[in-house]
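Shown next, in structure tokens, is the structure this report addresses.
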Amino acid sequence: MSVPDLAALPLLAGLPAADLAQVASFMTRLEVSPGTRVFVEGESGDRLCLVESGRLEATIRMPDGGERTLGHLEAGATAGEIALLTGGRRTATVTALTPTRGWIIDGRAFQALRLDPRRGAIALMRRLGMLALSRLRVRYEHVAAEIGGLPSTEPVAPGEPVPQGALGLDYLCSLLCFVGFEQPSYVAEVLRGVPSRSVARGDLVLREGARPESLILVARGAIEVTVRHTTASRRMRLAGPGRLLGYSGMLDDGMSPVAARARERTLMFEFPRDRVLELLEDPAPAARRLAAAVYEDIARAVRQAERPMASTTVASGRGGSRFRRGLPGLEREPA
Amino acid sequence: MCRVLAYLGGPVLVNDLLYGADASLVRQAVDPELMSLLNLGGFGLAAWSPDSPSPGRPFTYRVSTIPNFDRNLRALAQKVEATAFVAHVRGVTYDERQQVGGHNVHPFQFEGVSVALAQNGDLSDFGRMRFDLLQYVRPELASMIEGTTDTEWVYALILSMLDDPFGPVGPEEAAGAVERALECLRDVREARGIAVQSPVNLVLTDGRWLVATRFAFDYGWYPEDESFFAGEREHDYTSLWITSEREGEDRDDRGAAEGRRSAVLVASEPLSKSHAGWFEVPEYSLIVAAPDSERGIGVEVRELPW
């Protein structure tokens, strides 16, 4: 393949020739005839596809054994990045309708790409992450439009600072976002100087419509990400330990399309914006692993935002039950 | 942690519910998709049929072995039809301290009580809570507890929140009792300083309605020990799923999605590997399903109060 071929793809547009040459080393050619299934629903998401020419159809299976068409992919489209970033299964089958040409990044190449310190690899990972992030924002904004109404103007809770070292390194290394960090020193390196705080159950930690000043890493507890308007509310995600939030509005330089509230008492790290942007471009091993974790988390958030969820009616309040009947008090054990 | 399945709808062969899918409950005993433990601690079911003698009493089957080799279960399942059903495969950690036996098999149903209950959950440090709960559990119910599980105590606690546990119970009354029981458990946990993640996914039915929760206390606060729960970082095993069958879809002016619901299934994981047609129930939710003159079976998924 030639570098000019790749430059024509929207995902890679504007990359310098030297970076494109690096990117090319992770790709193989795809040429398929009509009827070929490029991805199969339920199978491992072990590659992504960049479409140069042709037309493909995405379908899902229905409970009655039939199929439903989700949409079509044409020249310039990227498919499969969410499954590749998360390591999950395919959520749709993609079939070529016409002779189709493109490029593939397979699982092995992706494993090399995600930690590669060269500038072209860093740029490609960044673009895949941003592609997932734009899909996430579209989903969040679609839900907000469905709900209507206005977001809450409740202020973010200040919380309580947590002293450095309050959480042991062994525990931190076990968090999901640090699973790919082979050495504890990498975890210590990315967390060095990152402030942490605790918030109470029910505290707002990110306001919809505000610009996030930090990327939040949940260390203990759980934070609920919602589109919560005056009219209704829809939960998009429950972020437990090792999950991140705040990238919508930070990495795509807009306002947060969602609010986030502690569903349990929560301990969290807050990476300042400048530190995050620096780490995402940094070729050092610890930074590459953090960048991969951020992009994977974004893709997981897409999966969660798009999964078929049973819709709920919203509880009337928070911080207390409508049903409390004045149960007899219990003696508390000393802490 | 366990796998549970509940059904409410038109008559269906129990065999179809237990065995008739590529990820059926019986297969989940030894090959669950959403949890890493196997479910080797026993199998139980309660199935209601309006055509049976004493239709308010379910057909029950409870054994402390796994269902996969059980010819008796297979034979019965091929003959019994049900309009309501709850079945459970019990998952216990691989630990000699676990008590595996018929007295600990779900679903639980005390003599003279119409409501049965099964759980996918685990109340951390339950031994320290047990006797605090006694003050909330009616003595006549406490005396019926035979086993050692937290589930049987939660069952007795929920029944104690009812005006008359031995009388007829409606779905809203049951839902209210579940919420009050969760509040009570939260109070006891706080009083004892228990602040470790403890999922409590409950399924209750009396054969006419179905109530279920997807709930966890202190989500994201892992125990600091060597247990299964300390090592578990993905929480798929605490999820809950729901799917429906609808009738008259092609004749309904409002479209297929508005057709009358003829059946509802609630499960710890989808019965099909593809997950097609299954909806995940959000965390901190309560499901109430009951016959409804307009909707067939009405289903409401409510966010539990904070």
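Just so we're on the same page: letters track the sequence lines, and every chain starts at 1.
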Glu160(A), CD atom: more than 12 neighbouring heavy atoms under 6.0 Å: no

Other residues, nucleotides, ligands: >12 heavy atoms within 6.0 Å of Asp170(A) CG: no

Non-hydrogen atoms of Pro241(A) and Gly220(B) that approach each other most closely: CG-O, 3.1 Å

Atom of Leu267(A), atom of Trp221(B) and distance for their closest heavy-atom approach: CG-CH2, 3.9 Å

Which of Ala222(A), Gly221(A), Ala239(A) touches chain B most, by non-hydrogen pairs under 4.5 Å: Gly221(A)

Contact class of Ser272(B) relative to chain A, heavy atoms under 4.5 angstrom: neither

Proximal component of Arg220(A), with respect to chain B [non-hydrogen, under 4.5 Å]: both

Residue pair Tyr284(B) / Leu238(A): nearest heavy atoms and the distance that separates them: CE1-CD2, 3.8 Å

Gap separating the NZ atom of Lys273(B) from the CD atom of Glu41(A), nearest 0.5 angstrom: 14.5 Å

Donor-acceptor pair between Glu224(A) and Tyr219(B) side chains, under 3.5 angstrom: no

Crowding at CZ, Arg37(A) (>12 non-hydrogen neighbours, <6.0 Å): no

Pick from Val281(B), Leu182(B), Ile242(B), Asp218(B) with the largest number of heavy-atom pairs that fall under 4.5 Å of chain A: Asp218(B)

By ring-ring contact (aromatic ring centres under 6.0 Å, His included) - contacts of Phe181(A) (at least two apart): Phe178(A)

side-chain hydrogen bond (donor to acceptor under 3.5 Å, both in side chains) partners of Asp125(B), counting only residues at least two apart: Arg128(B)

Ala195(B), part contacting chain A, at a heavy-atom distance under 4.5 Å: both

Side-chain ion pair, Arg263(A) and Glu303(B), N-O less than 4.0 Å: yes

Gap between atom CZ of Arg235(A) and atom OG of Ser285(B) - 0.5 Å precision: 5.5 Å

Part of Arg89(A) lying under 4.5 Å from any heavy atom of chain B: neither

